[in-house]
Amino acid sequence: MPELPEVETVATALRSHLPGRKVTGVTTRCEKLRRPMPVKALQNLINVTIRGVRRRAKYLLIDMNCGQTLVIHLGMTGTLRLTDKDDAAKRHDHLDLQLDNGECLRFRDPRKFGLVMVVKPNELGEIKELGKLAPEPLSEEFSSDYFYRLSRKRTTPVKNFIMDQRRVVGVGNIYASESLFRTNIRPTTTVGRLGLKRCSQLVKTIKEVLNEAIATGGTTISDFHGVDGSEGAFVRKLQVYGRTGKPCVKCQEPIKKIIIGGRSTFYCPKCQKR
DNA sequence: CGGTGGACCTGCTGGC
DNA sequence: TGCCAGCAGGTCCACC
């Protein structure tokens with residue numbers, strides 16, 4: 001799925017297309033994703049103009065002129081595309097917003113782990129999904145001190161910790177493995193045992209990896225792509241993710257794959273220390 | 001509260 | 001060639 005860089009890539013693209021456009025029609029083809037499709041609230045967006053597009057964590061926030069915000073989470077397999085209004089919808093195209101320029105914002109999500117909500121912006125913090133979110137990883141609030149303080153006495157593996165959206169948002173399974181590889185930290189390491197120096201390196205590296213991924217338009221694994229269908233280029237910079245058995249780019253040792261917290265995790269057993 | 005494991009969905013693929 | 005277990009970028013909830 002889309003982790004922060006992929007969502008940011010989508011948000012940036014939408015920002016240059018959507019603001020000022022008026023919604024002329026809404027079509028829903030699915031009753032329930034992670035939550036029930038808010039059909040009525042979506043219908044109320046007809047004839048409303050789009051004010052702007054923001055991102056918070058892995059959520060896309062499309063602010064409307066009526067004072068409502070359309071919240072979309074892409075889950076594992078969600079995509080947003082701008083299509084021509086005449087393009088026939090395919091299986092798993094769950095939501096269309098027709099626009100006044102003849103285009104259509106189309107949300108597709110085969111696995112239905114995504115989320116569509118319509119809320120008032122001042123209620124964003126009260127929504128369960130958005131209320132408990134941690135600082136943005138690219139903000140100053142996500143600092144070495146913050147990380148060090150928060151991780152003391154925590155016994156969870158460092159990989160789980162950096163993927164926990166209550167500690168820092170936006171880091172998912174790919175960038176977690178990549179960030180730990182670059183800092184030579186083994187994913188299984190108990191986070192509370194990392195010293196300030198390694199915490200500091202990890203924080204810095206997470207920012208670096210996310211920024212690089214944003215700069216290259218994200219990572220395309222199977223079905224992520226930009227709103228125009230383009231593919232993310234960060235996939236070519238992956239050093240451990242999905243490289244089981246292949247030589248480590250630093251030491252040639254075969255990359256190992258293990259399961260942590262139910263998720264595939266990749267690391268170099270020689271470079272990455274406990 | 002903290003940590004873990006399963007559930008939620010559908011589609012693709014690797015290995016027999 | 002064909003089948004199916006296993007796996008997929010996320011989040012939530014129940015349980016210890």
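Chain A is the first sequence line, chain B the second, and so forth, proteins listed ahead of strands; every chain is numbered from 1.
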Could you run down nucleotides 4-14 of chain B 5' to 3' and tag each one B, S or - for protein heavy-atom contact under 4.0 Å? S---BBBS---
Between [atom2] on [N] and [atom1] on [X], what's the gap in Å once rounded to a whole number?
| X | N | atom1 | atom2 | answer |
| --- | --- | --- | --- | --- |
| A/Arg35 | C/dC12 | CZ | C1' | 11 Å |
| A/Glu6 | C/dG10 | CD | C1' | 12 Å |
| A/Arg263 | C/dA8 | CZ | P | 8 Å |
| A/Met76 | C/dT11 | CE | P | 10 Å |
| A/Leu130 | C/dG10 | CG | P | 16 Å |
| A/Ile259 | C/dG10 | CD1 | P | 14 Å |
| A/Leu150 | B/dG2 | CG | C1' | 13 Å |
| A/Phe161 | B/dG3 | CZ | P | 9 Å |

Give A/Lys132 one of three labels, base, sugar-phosphate or nothing, depending on what nucleic acid heavy atoms sit under 4.0 Å from its own.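 Nothing, no nucleic acid heavy atom in range.
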Side chains of [X] and [Y] in contact at under 4.5 Å (non-hydrogen atoms):
| X | Y | value |
| --- | --- | --- |
| A/Cys271 | A/Glu253 | no |
| A/Tyr175 | A/Ile162 | no |
| A/Asn173 | A/Met163 | yes |

Could you tell me if A/Arg149 sits above the aromatic ring of A/Tyr146, with its cationic atom closer than 6.0 Å to the ring centre and no more than 45 degrees from the axis?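 No, A/Arg149 and A/Tyr146 do not form such a contact.
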Considering only heavy atoms, which members of residues 175-196 of chain A lie under 4.0 Å from some atom of DNA chain B?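 The answer is none.
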Using a strict threshold of under 4.0 Å (side-chain N to carboxylate O), is an ion pair present between A/Lys85 and A/Asp96?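 A/Lys85 and A/Asp96: not salt-bridged.
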Considering only NZ, NE, NH1 and NH2 on the basic side and carboxylate oxygens on the acidic side, decide whether A/Glu136 and A/Arg55 come within less than 4.0 Å.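 Judged by the 4.0 Å cut-off on N to carboxylate O distance, A/Glu136 and A/Arg55 do form a salt bridge.
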State whether the side chain of [X] and the backbone N or O of [Y] hold a donor-acceptor pair below 3.5 Å, judged by distance alone.
| X | Y | answer |
| --- | --- | --- |
| A/Arg21 | A/Asp100 | no |
| A/Arg152 | A/Gly192 | yes |
| A/Lys159 | A/Gly261 | no |
| A/Lys270 | A/Pro254 | no |

Closest to side chain of A/Arg154, choosing from B/dG3, C/dC7, C/dT11: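 So the side chain of A/Arg154 is nearest to B/dG3.
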Roughly how far apart, to the nearest Å, are C/dC4 and B/dC9 at atom P?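 The answer is 23 Å between these two P atoms.
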Only one of A/Leu4, A/Val171, A/Leu138 passes side-chain contact (heavy atoms from CB on, under 4.5 Å) with A/Ile206; say which it is.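 Single side-chain contact (heavy atoms from CB on, under 4.5 Å) partner of A/Ile206 among A/Leu4, A/Val171, A/Leu138: A/Val171.
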Given pairs defined as Watson-Crick or G-U wobble with both distances under 3.5 Å, what dot-bracket annotation applies to DNA chain B, with ( ) intrastrand, [ ] crossing, | other strand and . unpaired? .|||||||.|||||||
Using OP1 and OP2 only, check whether a side-chain N or O of [X] sits under 4.0 Å from [N].
| X | N | value |
| --- | --- | --- |
| A/His73 | C/dT11 | yes |
| A/Lys58 | C/dT11 | yes |
| A/Gln165 | C/dT11 | yes |

Run the ring-centre check on A/Phe181 versus A/Tyr241 and record whether the distance is less than 6.0 Å.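 No, too far apart.
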